[in-house]
K.L.:
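I'd like to ask some things about the structure below.
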Protein chains: 2
Amino acid sequence: MFSKSCEYGIKATLYIASNSNNGNRVSLNDISENIDSPKAFTAKILQKLSKNKIIQSIKGPSGGFEITTENMNNLRLSHIVKAFDGDDIYKSCGIGLEECNDSKPCPVHSRFKNIREELKRMLETTSILDLANGLTEGLTFLKH
Amino acid sequence: MFSKSCEYGIKATLYIASNSNNGNRVSLNDISENIDSPKAFTAKILQKLSKNKIIQSIKGPSGGFEITTENMNNLRLSHIVKAFDGDDIYKSCGIGLEECNDSKPCPVHSRFKNIREELKRMLETTSILDLANGLTEGLTFLKH
DNA sequence: TCTATTTCGGACAAGAATATCCTAAATTAT
DNA sequence: ATAATTTAGGATATTCTTGTCCGAAATAGA
């Protein structure tokens with residue numbers, strides 16, 4: 001469904017968010033250990049999240065990554081997905097046609113429409129804060 | 001959503017189906033022209049469809065590809081998707097966790113559940129015959 | 001100021017997906 | 001039988017994603 005990068009991006013953001021909740025800044029090491037991801041590759045993921053203003057990065061000793069309270073309240077799952085995979089998943093044609101819409105549909109267009117819209121809606125309404133709270137409360141998990 | 005191979009696989013199957021409807025066997029050339037796909041790569045796709053008993057292939061002059069009436073009645077979109085991409089799209093965790101279920105959920109588990117199930121249901125109930133009929137009747141399209 | 005820590009960013013490596021090429025095998029028609 | 005047509009399948013090439021490595025830049029603390 002999502003690329004590996006996007007999966008790591010979501011996990012990393014949620015881990016950072018759940019710690020920023022408690023006022024804790026976390027490092028690359030913390031993150032890659034706690035979301036069970038390759039460290040060097042995760043560094044790239046974090047750079048991307050940082051450039052997309054999804055997370056904030058601080059260099060130097062006691063540096064690391066965090067999410068501002070303001071960001072936390074506005075961030076949605078769709079923002080992360082968009083940064084890594086674009087919005088093809090819920091916008092583009094199920095069998096890859098450039099032009100595919102209600103007036104000139106591909107064979108699967110009508111059957112995919114609802115699902116795509118539901119996915120879009122879910123991603124756009126799911127807040128990072130809510131997901132992070134689930135983690136903080138121990139109701140959900142980022143690794144086995 | 002699906003791999004390029006899977007997209008070609010669906011398009012090829014539908015093109016063949018819509019022609020088998022009319023009793024016409026179609027060649028690799030026909031197919032790659034009409035679904036707008038690279039010929040050599042499409043040959044591989046057709047081999048895979050053939051090995052998975054989704055389509056039948058006949059060698060030699062006046063050979064080509066077709067779908068038996070029996071197959072046409074039983075084939076569902078899910079069969080093609082499974083042959084190329086497996087069933088990860090509607091079975092595996094949204095952020096790639098090995099173990100992710102109702103009793104030990106990842107943060108997005110509950111929000112993805114319905115969508116995944118709807119997708120599964122759609123793929124398993126959508127018949128190739130119905131999709132092919134839409135094409136034959138000129139209601140839907142495989143290329144722009 | 002010096003050192004240790006941490007992120008940044010460019011170059012490079014490995015693997016998977018996509019795509020091509022060429023010869024073999026089968027089959028039809030002459 | 002021979003020639004022509006069409007799929008089968010192995011080898012190879014290209015591109016994209018995933019992943020690693022290493023030195024540079026920033027910064028906190030001694």
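To find a chain, count down the sequence lines: A is the first, B the second, and so on, and within it residues start at 1.
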K.L.:
Salt bridge (Lys or Arg N to Asp or Glu O under 4.0 Å) with B:Glu124: which residues, sequence neighbours excluded?
P.N.:
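So B:Glu124 forms a salt bridge (Lys or Arg N to Asp or Glu O under 4.0 Å) with B:Lys120.
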K.L.:
With sequence neighbours left out, what residues match B:Arg76 under side-chain contact (heavy atoms from CB on, under 4.5 Å)?
P.N.:
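B:Arg76 satisfies side-chain contact (heavy atoms from CB on, under 4.5 Å) with B:Ser78, B:His79, B:Ser127 once adjacent residues are dropped.
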K.L.:
Can you name the residues that form a salt bridge (Lys or Arg N to Asp or Glu O under 4.0 Å) with A:Arg25, not counting sequence neighbours?
P.N.:
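So A:Arg25 forms a salt bridge (Lys or Arg N to Asp or Glu O under 4.0 Å) with A:Glu66.
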K.L.:
If the condition is side-chain hydrogen bond (donor to acceptor under 3.5 Å, both in side chains), which residues does A:Thr42 pass it with, not counting sequence neighbours?
P.N.:
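In terms of side-chain hydrogen bond (donor to acceptor under 3.5 Å, both in side chains), with neighbours along the sequence ignored, A:Thr42 is linked to A:Ser37.
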K.L.:
For A:Pro61, check side-chain contact (heavy atoms from CB on, under 4.5 Å) against everything at least two apart and list the hits.
P.N.:
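In terms of side-chain contact (heavy atoms from CB on, under 4.5 Å), with neighbours along the sequence ignored, A:Pro61 is linked to no residue.
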K.L.:
For A:Thr69, enumerate each residue passing the side-chain hydrogen bond (donor to acceptor under 3.5 Å, both in side chains) test, keeping only those at least two apart in sequence or located in another chain.
P.N.:
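Scan of A:Thr69 (side-chain hydrogen bond (donor to acceptor under 3.5 Å, both in side chains), adjacent residues dropped) gives none.
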K.L.:
Would B:Asp36 and B:Lys11 satisfy salt bridge (Lys or Arg N to Asp or Glu O under 4.0 Å), going step by step from the backbone distance to the final call?
P.N.:
CA-CA 9 Å; B:Asp36 207 26; B:Lys11 288 194 243 189; over 6 Å; no
K.L.:
Go through DNA chain C in 5' to 3' direction and return only the first and the last nucleotide with some atom under 4.0 Å of chain A's heavy atoms.
P.N.:
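So the contact region on DNA chain C extends C:dA4 to C:dA11.
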K.L.:
Scan residues 96-138 of chain B for pairs that pass ring-ring contact (aromatic ring centres under 6.0 Å, His included), counting only residues two or more places apart or in two chains.
P.N.:
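ring-ring contact (aromatic ring centres under 6.0 Å, His included) check on residues 96-138 of chain B returns A:Phe2-B:Phe112.
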K.L.:
Residues of residues 2-20 of chain A with any non-hydrogen atom less than 4.0 angstrom from an atom of DNA chain D: list those, numerically ordered, please.
P.N.:
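Heavy-atom cutoff 4.0 Å gives A:Ser3, A:Lys4, A:Ser5, A:Tyr8.
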K.L.:
Which parts of residues 38-58 of chain A get close to DNA chain D, meaning a heavy atom less than 4.0 angstrom away?
P.N.:
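Hits under 4.0 Å, by residue number: A:Pro38, A:Ala40, A:Phe41, A:Lys44.
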K.L.:
Could you tell me how far apart B:Lys59 (NZ) and D:dT7 (C1') are, to the nearest whole angstrom?
P.N.:
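To the nearest whole Å, that distance equals 6 Å.
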K.L.:
The criterion is ring pair (Phe, Tyr, Trp, His ring centres under 6.0 Å); which residues satisfy it with A:Tyr90, sequence neighbours excluded?
P.N.:
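Partners of A:Tyr90 by the ring pair (Phe, Tyr, Trp, His ring centres under 6.0 Å) criterion come out as none, since no residue qualifies.
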K.L.:
Considering residues at least two apart in sequence or located in another chain, which fulfil the side-chain contact (heavy atoms from CB on, under 4.5 Å) criterion with B:Thr140?
P.N.:
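For B:Thr140, the residues satisfying side-chain contact (heavy atoms from CB on, under 4.5 Å) (neighbours in sequence not counted) are A:Pro105, A:Pro107, B:Leu135.
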